[in-house]
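Just below is one structure, and these are the notes that go with it.
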Amino acid sequence: MIEIFSPAELGRARDSGALVGHILHTVSQRVVVGTNLLEIDEWTREMILEAGAESCYVDYAPSFGRGPFGHWICTAVNDAVLHGLPHDYALRDGDLLTLDLAVVLNGIAADSALSFVVGTSRPAGSTELIETTERALAAAIAAAVPGAKMGDVSYAIGSVLTGAGYPVNVQFGGHGIGSTMHQDPHVANIGRPGRGYKLRPGLLLALEPWVMADTDELVTDDDGWTLRSATGCLTAHSEHTVAITEDGAEILTVRG
């Protein structure tokens with residue numbers, strides 16, 4: 001399903017995006033060495049419920065997961081990159097943490113992710129990984145203009161990732177978003193320009209470049225959810241929900 005929203009409906013999308021951005025910013029600012037992943041999950045639960053919003057994750061049970069996710073935010077540490085299931089783990093100095101959050105507010109979903117290093121240590125390659133995903137996200141946003149093809153957006157992402165020397169996994173990528181979290185069209189993180197769905201005003205997209213330092217192969221934890229790099233290398237993930245407008249892509253999940 002692909003949904004196209006009217007200008008009036010985009011107002012509601014801005015509200016849901018602003019909430020996701022606010023929660024991610026607030027949580028990331030509270031995280032310190034010693035913070036437990038379950039504390040992060042509880043902070044997120046409190047803010048979602050206080051805003052009168054709904055979690056996209058608690059009851060989420062897709063074919064690639066093991067039963068309902070059961071938590072409010074994804075917390076992926078170091079070699080974990082996607083669908084990180086919160087568990088009893090106290091963050092250490094130098095841990096590379098990715099927070100990924102999606103909520104529905106007033107009937108429209110928004111989805112965003114950011115990666116950062118906890119504490120003062122900076123493991124080798126961690127800064128470059130994070131900055132590369134952020135540059136790839138910026139390139140995707142710049143390419144997401146009315147009349148462009150989805151392949152143009154994927155090509156913009158892939159050019160940054162491969163240009164930095166990282167392999168690209170094509171199992172998971174960005175997606176359309178609207179009244180539900182995951183919709184068509186799929187946004188691969190590598191692609192060919194001029195191919196695929198034509199972007200039009202009113203379309204909402206969750207753009208999410210992610211990389212693993214030295215592999216494109218994922219393995220699944222025993223929890224049935226957390227996806228890690230097959231080699232144990234560091235990973236990073238950046239994501240924004242954007243609205244395609246007549247003037248280009250508007251970022252809905254601005255943080256702060």
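Values reported hereafter were calculated over all heavy atoms of this structure, with side chains retained and with hydrogens, waters and symmetry mates removed. Count residues from 1 along the sequence.
Within a 6.0 Å sphere centred on CZ of R12, other residues, nucleotides and ligands contribute more than 12 heavy atoms. Remark: F5 CZ is packed, more than 12 non-hydrogen atoms of other residues, nucleotides or ligands lying under 6.0 Å away. Taking a 6.0 Å sphere around CZ of R122, one finds it holds more than 12 heavy atoms contributed by other residues, nucleotides or ligands.
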**Report entry** Candidate pair R255 and S112, rule side-chain hydrogen bond (donor to acceptor under 3.5 Å, both in side chains), full reasoning
**Finding:** CA-CA 10 Å; R255 302 178 194 117; S112 186; 3.1 Å; yes
**Report entry** Trace of the side-chain contact (heavy atoms from CB on, under 4.5 Å) decision for E128 with Y166
**Finding:** CA-CA 11 Å; E128 293 80 2; Y166 298 118; 3.7 Å; yes
Query raised in the report: Going through the checks in order, is the side-chain contact (heavy atoms from CB on, under 4.5 Å) test met by H186 and H175?
Result: CA-CA 5 Å; H186 175 67; H175 49 91; 5.5 Å; no
Requested in this report: Begin from the C-alpha positions of E3 and L204 and carry the test side-chain contact (heavy atoms from CB on, under 4.5 Å) through to its verdict.
Outcome: CA-CA 8 Å; E3 292 181 303; L204 304 183; over 6 Å; no
Query raised in the report: Could you go step by step and tell me if L10 and E250 meet the side-chain contact (heavy atoms from CB on, under 4.5 Å) rule?
Result: CA-CA 10 Å; L10 287 182; E250 176 187 345; 5.8 Å; no
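Residues meeting the ring-ring contact (aromatic ring centres under 6.0 Å, His included) test with Y197, sequence neighbours left out: none.
Between the side chain of T226 and the backbone N or O of L85, at least one donor-acceptor pair lies under 3.5 Å. Counting only distance, with no hydrogens or angles, the side chain of D221 and the backbone of R228 share no donor-acceptor pair below 3.5 Å. No donor-acceptor pair under 3.5 Å is formed between the side chain of D79 and the backbone N or O of C233. The main-chain N or O of V32 is found under 3.5 Å from a side-chain atom of T35 such that the two form a donor-acceptor pair. At least one donor-acceptor pair under 3.5 Å links the side chain of R66 to the backbone N or O of D222. Under a 3.5 Å cut-off, the side chain of D216 and the backbone N or O of N169 do not form any donor-acceptor pair. Put simply, the side chain of N36 gets close to the backbone of L38: a donor and an acceptor are under 3.5 Å apart.
The minimum heavy-atom distance linking C56 with V104 is given by the pair SG-CG2, 3.6 Å. Pairing each heavy atom of P86 with each of D41, the nearest pair is CG-OD1, 3.9 Å.
No salt bridge links R30 with E39; every basic N to acidic carboxylate O contact stays at or beyond 4.0 Å.
For the side chain to side chain contact (heavy atoms under 4.5 Å, CB included) with T162, the qualifying choice from N189, I157, V211, I190 is I190, the only one to do so. The only option from Y60, F64, W210 that meets the ring-ring contact (aromatic ring centres under 6.0 Å, His included) definition with H83 turns out to be F64.
The side-chain hydrogen bond (donor to acceptor under 3.5 Å, both in side chains) analysis of residues 232-244, with sequence neighbours excluded, yields the pairs T133-S238, E208-H237, H240-T253. Within the structure, the side-chain hydrogen bond (donor to acceptor under 3.5 Å, both in side chains) test picks out the following pairs touching residues 97-110 (sequence neighbours left out): Y57-D100, T98-S115.
Linking Ile, Leu, Val, Met, Phe, Trp and Tyr residues whenever their side-chain heavy atoms come within less than 4.5 Å places L101 and I40 in a single cluster. Under the 4.5 Å side-chain contact rule for hydrophobic residues, V77 and W72 share a cluster.
The closest side-chain heavy-atom distance from L218 to V81 is below 4.5 Å. Using a 4.5 Å cut-off on side-chain heavy atoms (C-beta onward), V20 and L24 make contact.
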